[in-house]
Structure formats: C-alpha cells, structure tokens
Amino acid sequence: MKIAQSLTRQRLNALRARIVLPLVGLLAAGALGSLAYTGFFVTRSINELLHNNRQLRQAIENLTESVQVGYAKVTAQERREGRLFTRVLFVVTDENDPTRRQLEREFEIEGDVIHFDALIVKFGPEVVMEGREKALFLWRRVYGESMSPAEGFSIEAEGEAPIRYNDLTRRLSMRDRELFWTEIWALANDPDRLRGAGVQAIYGNVVYSQLRPGLIYVFKLDKTGAFYPETVPAL
C-alpha cells in the first residue's frame with residue numbers, strides 16, 4: 001500500500017513538472033517579451049520626442065532668428081545758422097556675413113531724427129517655420145523730419161534686384177528676374193498671385209531714430225519680416 005502511494009506521488013510530481021515547468025517558462029518568456037516590447041516602445045517614444053523637439057526648436061528659431069541687414073552712424077553733426085545738420089554714413093551689409101559691406105551711402109540731412117524706409121516681402125508662417133522661405137527686403141530711402149518721403153535720398157535703385165538676392169534671381173527666368181522687383185507693387189495688390197507665391201504681404205516699413213555721434217544704429221530683420229533698429233556704442 002505504501003509502495004503504491006509512493007508511486008502515485010511520483011507520477012503526480014512528474015505530471016506537475018511536465019505541466020508547471022513549461023507554463024513557468026512560457027510566463028517567463030512572455031514577461032521578457034513584454035519587457036523587450038516595452039523597452040522598444042519607450043526607446044521609440046523617446047526618439048520621436050527628441051526628433052519632434054528638434055523640429056520644434058528649429059521652427060521656433062526660423063520664426064525668431066534675426067539678421068543684420070545694415071547700419072548707420074553719424075560722421076558729423078553741427079549747427080549752421082541756427083539749424084542742426086547731421087551727416088550719416090549708411091551701410092548695407094551681407095545677411096550671412098555682417099562684416100561684408102554691400103553698399104555704402106553718405107547723406108546730409110537737416111535735423112537729427114532720421115527715417116529709414118524699406119520694402120518688405122513677408123512670407124506665410126508655415127513656409128517660414130519649415131525653413132523654405134524667409135523675408136526679403138529692399139532698402140528704399142533715407143529722409144529727415146523736415147522732408148517729405150518723396151524728397152528722400154535713394155539707397156538701392158528701385159526696380160533692380162539687390163545684389164544679396166543674386167542666388168534667388170538666378171533661379172528665375174530672365175523675364176521673371178527683370179519683373180520681380182519692377183512689378184513688386186502690382187504683386188502686392190494681387191492677392192491671388194500673392195497666395196500662389198506663398199507671400200503673405202508686401203508693404204513699406206519705416207523706422208526712425210534720433211541719431212547721435214558715438215553710436216551705431218544696427219538694423220535687424222527677422223525671417224517673418226519684423227524690421228527694427230538696435231543701438232550699440234561705436235568702438
């Protein structure tokens with residue numbers, strides 16, 4: 001009887017081993033697989049997050065980054081017969097290298113409040129965020145408080161493509177190259193053509209400052225078309 005009971009227990013233990021051990025193995029494998037899947041999912045999520053974060057940072061940079069497009073400095077300021085006159089050196093600089101001068105003009109203007117007039121071509125925020133386009137500009141004129149804008153001194157020749165956009169205009173046909181700036185106002189007043197070109201707006205923008213010797217007035221333009229001066233000490 002004892003022998004029979006012992007054999008029965010041995011058979012039950014063997015049966016349990018055949019059932020339980022593979023089941024434990026399956027559970028362990030499942031757990032490892034689940035951990036591996038979770039690890040893969042977490043890694044992929046982190047990579048996607050980093051990628052999206054890089055894209056977000058780049059989009060923000062595209063919208064907020066500004067470049068120097070020129071500067072002005074007073075070379076002389078004096079009174080003659082009770083009237084103040086300011087002589088101004090105006091320099092157009094390379095957007096990619098602000099130490100490179102593309103154009104220099106010197107003007108003498110009555111008074112010390114000087115207006116700087118530019119034409120801005122503003123692209124839509126989507127194409128700017130994606131880095132496909134950035135604002136274009138054309139320097140137009142400089143004038144003082146006692147002058148009308150029409151009496152202002154020209155900076156860049158209106159109707160001619162600025163030298164800084166040579167790379168852009170080379171990609172256009174000769175006809176388009178010649179018409180781009182000469183027909184800029186016609187484009188500004190044609191909403192359908194604007195949308196087709198991805199342009200949000202074309203408009204004039206005038207900034208002005210009370211100029212003093214010993215300072216440099218640096219003009220900045222961001223990729224969305226915001227145009228403004230910064231004042232820094234002359235070295």
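- Taking Arg101 as the reference, Tyr71, Glu104 meet the side-chain hydrogen bond (donor to acceptor under 3.5 Å, both in side chains) condition, with sequence neighbours excluded.
- Closest approach of Asn189 and Pro191 over heavy atoms only: O-CD, 3.5 Å.
- In this structure, the salt bridge (charged side-chain N to carboxylate O under 4.0 Å, His left out) partners of Lys134, at least two apart in sequence or on a different chain, are Glu95.
- Of all heavy-atom pairs between Val88 and Ala72, the closest is CG1-CB, 3.9 Å.
- By the salt bridge (charged side-chain N to carboxylate O under 4.0 Å, His left out) test, Glu145 is found to be paired with no residue, residues two or more places apart in sequence or in another chain being considered.
- The aromatic rings of Phe107 and Phe90 are tilted relative to each other, their planes meeting at an angle between 30° and 60°.
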side-chain contact (heavy atoms from CB on, under 4.5 Å) for Ile155 and Val92? Distances and angles first, verdict last.
CA-CA 9 Å; Ile155 302 175; Val92 178; 4.2 Å; yes
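- For Thr75, the side-chain hydrogen bond (donor to acceptor under 3.5 Å, both in side chains) partners are Glu106, not counting sequence neighbours.
- The structure places CG of Leu211 at 11.5 Å from CD1 of Ile216, a figure rounded to the nearest 0.5 Å.
- Gln68 CD to Thr93 OG1: the interatomic distance, rounded to the nearest 0.5 Å, is 4.0 Å.
- Partners of Tyr217 by ring pair (Phe, Tyr, Trp, His ring centres under 6.0 Å), not counting sequence neighbours: none found.
- Heavy atoms from other residues, nucleotides or ligands lying under 6.0 Å from CZ of Arg212 number more than 12.
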Does the pair Leu221 and Ile120 meet the rule for a side-chain contact (heavy atoms from CB on, under 4.5 Å), with working shown?
CA-CA 9 Å; Leu221 179 78; Ile120 309 293; 3.9 Å; yes
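- Here CG of Leu103 is found 12.5 Å from CG of Asp94. Values are rounded to the nearest 0.5 Å.
- Here the closest heavy-atom approach between residue Tyr203 and residue Gly225 is recorded as OH-O, 3.4 Å.
- Both Met147 and Trp139 are members of a single hydrophobic cluster when ILVMFWY side chains are connected at heavy-atom separations under 4.5 Å.
- Residues satisfying the side-chain hydrogen bond (donor to acceptor under 3.5 Å, both in side chains) test with Glu78, not counting sequence neighbours, are Arg80.
- Put simply, Val232 and Leu89 are part of the same group of oily side chains (I, L, V, M, F, W, Y) that touch within less than 4.5 Å, one to the next.
- Hydrophobic clustering (ILVMFWY, side-chain heavy atoms < 4.5 Å, transitive): Val67 and Val218 are in distinct clusters.
- The side-chain hydrogen bond (donor to acceptor under 3.5 Å, both in side chains) search around Glu230 returns Lys220, not counting sequence neighbours.
- Remark: Asp117 engages Arg140, Arg141 in a salt bridge (charged side-chain N to carboxylate O under 4.0 Å, His left out) (not counting sequence neighbours).
- At least one side-chain heavy atom of Val142 sits less than 4.5 Å from a side-chain heavy atom of Ile114.
- Residues His115 and Pro149 have side chains not in contact (no heavy-atom distance under 4.5 Å, counting atoms from C-beta outward).
- Atom CD of residue Gln77 and atom OG1 of residue Thr86 lie 3.5 Å apart, to the nearest 0.5 angstrom.
- Judged as a side chain to side chain contact (heavy atoms under 4.5 Å, CB included), and not counting sequence neighbours, the contacts of Glu110 are Arg83, Phe85, Ser146.
- Here OG of Ser209 is found 6.5 Å from CZ of Phe219. Values are rounded to the nearest 0.5 Å.
- Judged as a side chain to side chain contact (heavy atoms under 4.5 Å, CB included), and not counting sequence neighbours, the contacts of Ala226 are Asp222, Thr224.
- With sequence neighbours excluded, the residues forming a salt bridge (charged side-chain N to carboxylate O under 4.0 Å, His left out) with Asp192 are Arg195, listed by chain and number.
- Of all heavy-atom pairs spanning Ser154 and Arg105, the tightest one is O-NE, 4.3 Å.
- Hydrophobic clustering, with ILVMFWY side chains joined whenever heavy atoms are under 4.5 angstrom apart, keeps Val91 apart from Ile109.
- Under the 4.5 Å side-chain criterion, counting only non-hydrogen atoms from C-beta, Phe137 is not in contact with Leu119.
- Counting side-chain heavy-atom gaps under 4.5 Å among Ile, Leu, Val, Met, Phe, Trp and Tyr, the cluster of Tyr208 also holds Val113.
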